[in-house]
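In what follows, a structure is listed as structure tokens, so that the remarks can point back to it.
Values below: every heavy atom of this structure, side chains too, minus hydrogens, waters and symmetry copies.
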Amino acid sequence: MSDYDAIVIGAGHAGIEASLALSREGYETILITQSLDAVGRLSCNPAIGGLSKGNIVREIDALGGEMAHLIDSTMIQFRILNRRRGPAVQAPRAQADKFSYSRLAKETLEKERHLHLFMDEVTDILSEGGAACAVRTKRGNEISAKVIVLTTGTFMKGKIFIGEYDREEGRLGEEAASELGENLRKKGFPIGRLKTGTPARVRKSSLDFSRLELEKGDELMLPFSFDYEKIDRPNIPCYITYTNDRTHEIIRENIHLSPLYGGKIIGKGPRYCPSIEDKVVRFPERERHQIFVEPEGIGTEEMYLNGLSSSLPEKVQEKFIRTLPGLERAEVMRPGYAVEYDYINPLYLYPTLESKLMKNLYIAGQTNGTSGYEEAAGQGIVAGMNAARRLRGESPLVLKRSESYIGVLIDDLTTKGTNEPYRMFTSRAEYRLSLRHGNADKRLTKLSYEFGLADKEKVERLEEKIRRMDDVKALLKSRRSGDKNLYDVLKEPERHISDFSISEDEGILEEVELDVKYEGYIAREMREVGHYLKDENVTIPPDFDYNTLVALSSEAREKLSLIRPMTLAQAGRISGIRVTDYAILAIAIKGHGKK
């Protein structure tokens, strides 16, 4: 008999969502973490959301997750990004009080009836008959469970670098999980190394704000969660400054001291969030780089220098930081650093996030090669939901690319893999007009209700929202302006629903306006989704022998045998699968089992 129904390893953003998804379904779950003081820590940027990432947060909320509630309760600034651009690229972003966020995350976990928190370091995952069954910890504890979710973030054999200084830590001042990665390697898990980093934190009272550009948030703070209608939180400004020729000169003079360029770091870093050393080397023509000076929270003097990530020696960091306008007397409270860590090749995962190498083991978050709190949390809730479905003996949940950004994220990872920290962008989603942050509840809430995470009240709120939107649309069609009804008038680019004096909530009106203005585009996108779903619904038997299809290219047979796609559509998205390979496979799969 198992000690618990489920074990979750790691209490970062993926671990939080996974453990809550399991425990809220009534499964006795133990969440094991190296430090109970670091639950839900915002290790890097003290912010949640952003382009495509804000959409993921709202999808997590629609699925019954917690991230939206946490940021709604701790935000200190809110903005809708890209308001002047199309709805497909708009997204909410909020600065967080990072200390309140972490504390509230821990409190939320502690209040969950079926969830048990335990402070220790997992050193090995044990299996029986090819299935995960227990973990062993550093203090010699052996804890068994029916399913295990692994969410180690940057801690699995993590190592930090500041100039010549390096140490095995997952975050500055926090020990790495050194043994787990080695033991997984011995078991045959495909493990590589990735790198990420963070900038220095400086003391607020040492800055000259008269020389910084003020960046205020939106006056109206809107909730991420569909459970709330409004937010009443302090609204604290951020600031902007810029690097200059002197900054770049100091960095170039000391580039040989960077572990990134000196060969000490072998892991590949995030292409879309490079260190300041990378920016200076890769973009020598750039005269300056924008730096956001952001508060870490209400009760602290620490300010985060967004865009200035570095692993150069501390004295060099201090020197180039003081070349920035407004930061001439900046007092560095924490240095920037790089962190290199183990990750598991996500090609060895099913789209359910279950490992192909060990049954009943689910893997989520940065352990799969992603970057960002939101990407981690999105994987965490899916891993938790699928682990719970395994416990119930139900078919797994696979989110489609056409219904969520989380679906795009997981499909990209498990179909294409990654050799650098994966970051979600709107451009990765083919159906982004239909995946707006404002309609995540319409896309996913009923699915969550069927699973058991969303309650009846959440569904009733959604139904009420849809009814109110339908009423507004009917009202627009009933009123006229000249020879057109207002519904058709609203489709004109220069017209907005605020022109028509309709008494309704701003969020409802905004969603109606987007539905109306992009009705034709969305209809075309839905037709494309229909074509896509035809092959998405053609399943491939898990034991299908691709080697019997001699007409396939050798590359196709190799990749199909490795990735083992669950559907015909997924097979078509594997890099290296040619049109002819796809046609051969389609004929074989559709004829499989027929006499």
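Atom CG of L435 and atom CD of E430 lie 9.0 Å apart (nearest 0.5 Å). Atom CD1 of I16 sits about 7.5 Å away from atom CE of M67, to the nearest 0.5 Å. Once rounded to the nearest 0.5 Å, the distance linking CD1 of I251 with CD1 of I276 reads 4.5 Å. Here the straight-line distance linking atom CZ of R423 with atom CD of E375 works out to 7.5 Å at 0.5 Å rounding. A distance of 10.0 Å separates CD of E340 from CG of L260, quoted to the nearest 0.5 Å. Here the straight-line distance linking atom OG1 of T426 with atom CG of N82 works out to 8.0 Å at 0.5 Å rounding.
In this model, a donor atom of one side chain and an acceptor atom of the other lie less than 3.5 Å apart for D412 and Y422. Inspection of the D61 and S225 side chains reveals an N or O donor paired with an N or O acceptor under 3.5 Å. No hydrogens or angles considered: a donor-acceptor pair under 3.5 Å links the side chains of T152 and T367. Side-chain contact of T323 with T247: a donor-acceptor pair under 3.5 Å is present, judged by distance alone. Under 3.5 Å, the side chains of Q366 and S371 contain no donor-acceptor pair of N or O atoms. For the residue pair T243 and R288, no side-chain donor N or O sits within less than 3.5 Å of a side-chain acceptor on the partner. Side chain to side chain, T370 and N368 fail the donor-acceptor criterion of an N or O pair below 3.5 Å. Side-chain contact check for Q90 and H437: no donor-acceptor pair (N or O, by modelled atom type) lies under 3.5 Å. A donor and an acceptor atom, one from each side chain of S205 and E301, are located under 3.5 Å apart. Side-chain polar atoms of S404 and R401 form no donor-acceptor pair below 3.5 angstrom.
Looking at E302 and R203, their side chains never come closer than 4.5 Å, going by heavy atoms from C-beta outward. Annotation: side chain of M303 is not in contact with side chain of E294 (no heavy-atom distance under 4.5 Å). Counting heavy atoms from C-beta on, the side chains of Y449 and D455 never come closer than 4.5 Å.
Ion pairing between E511 and R436 holds under the 4.0 Å rule for side-chain N and carboxylate O. R428 has no carboxylate O lying under 4.0 Å from a charged side-chain N of D411, or vice versa, which leaves the two without a salt bridge. A salt bridge links D515 with K442: at least one charged nitrogen is closer than 4.0 Å to a carboxylate oxygen. Note on E374 versus K53: salt bridge recorded, some NZ/NE/NH1/NH2 to OD/OE distance being below 4.0 Å. The existence of a salt bridge linking R252 and E249 is excluded, since no basic side-chain nitrogen approaches an acidic carboxylate oxygen closer than 4.0 Å. The pair R461-D441 does not count as a salt bridge, with every side-chain nitrogen at least 4.0 angstrom from each carboxylate oxygen.
Two rings, from Y228 and H69, have their centers less than 6.0 Å apart. Checked against the 6.0 Å centroid criterion, the rings of F161 and Y337 do not qualify as a close aromatic pair.
Summarising the local packing, CZ of R334 is surrounded by 12 or fewer heavy atoms from other residues, nucleotides or ligands at distances under 6.0 Å. No more than 12 heavy atoms of other residues, nucleotides or ligands lie within 6.0 Å of CZ in R329, so this atom counts as exposed by the packing criterion. Applying the 6.0 Å contact sphere to CD of E506 captures no more than 12 heavy atoms from other residues, nucleotides or ligands. Within a 6.0 Å radius of NZ in K279, other residues, nucleotides and ligands contribute more than 12 heavy atoms. Within a 6.0 Å sphere centred on CZ of R85, heavy atoms belonging to other residues, nucleotides or ligands number 12 at most. For NZ of K216, the number of neighbouring non-hydrogen atoms (other residues, nucleotides, ligands) closer than 6.0 Å is 12 at most. Within 6.0 Å of the NZ atom in K473, the count of heavy atoms belonging to other residues, nucleotides or ligands exceeds 12. The number of heavy atoms from other shown groups lying within 6.0 Å of CD (E463) is above 12.
Side-chain N or O atoms of H13 include none that pairs as donor or acceptor with a backbone N or O of L42 at under 3.5 Å. A distance-only check finds no donor-acceptor pair linking the side chain of S311 to the backbone of I162 [under 3.5 Å]. Not one N or O on the side chain of S23 forms a donor-acceptor pair closer than 3.5 Å with the backbone of L115.
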Hey, mind stepping through I231 and L222 against side chain to side chain contact (heavy atoms under 4.5 Å, CB included) and telling me if it holds? CA-CA 6 Å; I231 294 292; L222 300 174; over 6 Å; no

In sequence, state the C-alpha distance, the side-chain angles, and the governing distance for F451 and M385, and then conclude on side chain to side chain contact (heavy atoms under 4.5 Å, CB included). CA-CA 8 Å; F451 177 78; M385 292 171 79; 3.7 Å; yes

Could you walk me through whether L324 and I291 satisfy the side chain to side chain contact (heavy atoms under 4.5 Å, CB included) test, starting with their C-alpha distance in whole Å, then the side-chain angles of each, then the deciding distance to 0.1 Å, before giving a yes or no? CA-CA 9 Å; L324 275 59; I291 307 299; 4.0 Å; yes

Kindly indicate, with the supporting measurements, whether the criterion side chain to side chain contact (heavy atoms under 4.5 Å, CB included) is fulfilled by F209 and K204. CA-CA 9 Å; F209 289 94; K204 182 178 180 179; 3.7 Å; yes

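Below 30°, between 30° and 60°, or above 60°: for F78 and F224 the angle between ring planes is above 60°, a perpendicular geometry.
Under a cutoff of 6.0 Å and an axis angle of 45°, R58 and F226 form a cation-pi pair.
Closest approach of E420 to L194, counting heavy atoms only: CA-CD2, 3.7 Å. The shortest heavy-atom contact between N254 and L312 is O-CD2, 3.4 Å.
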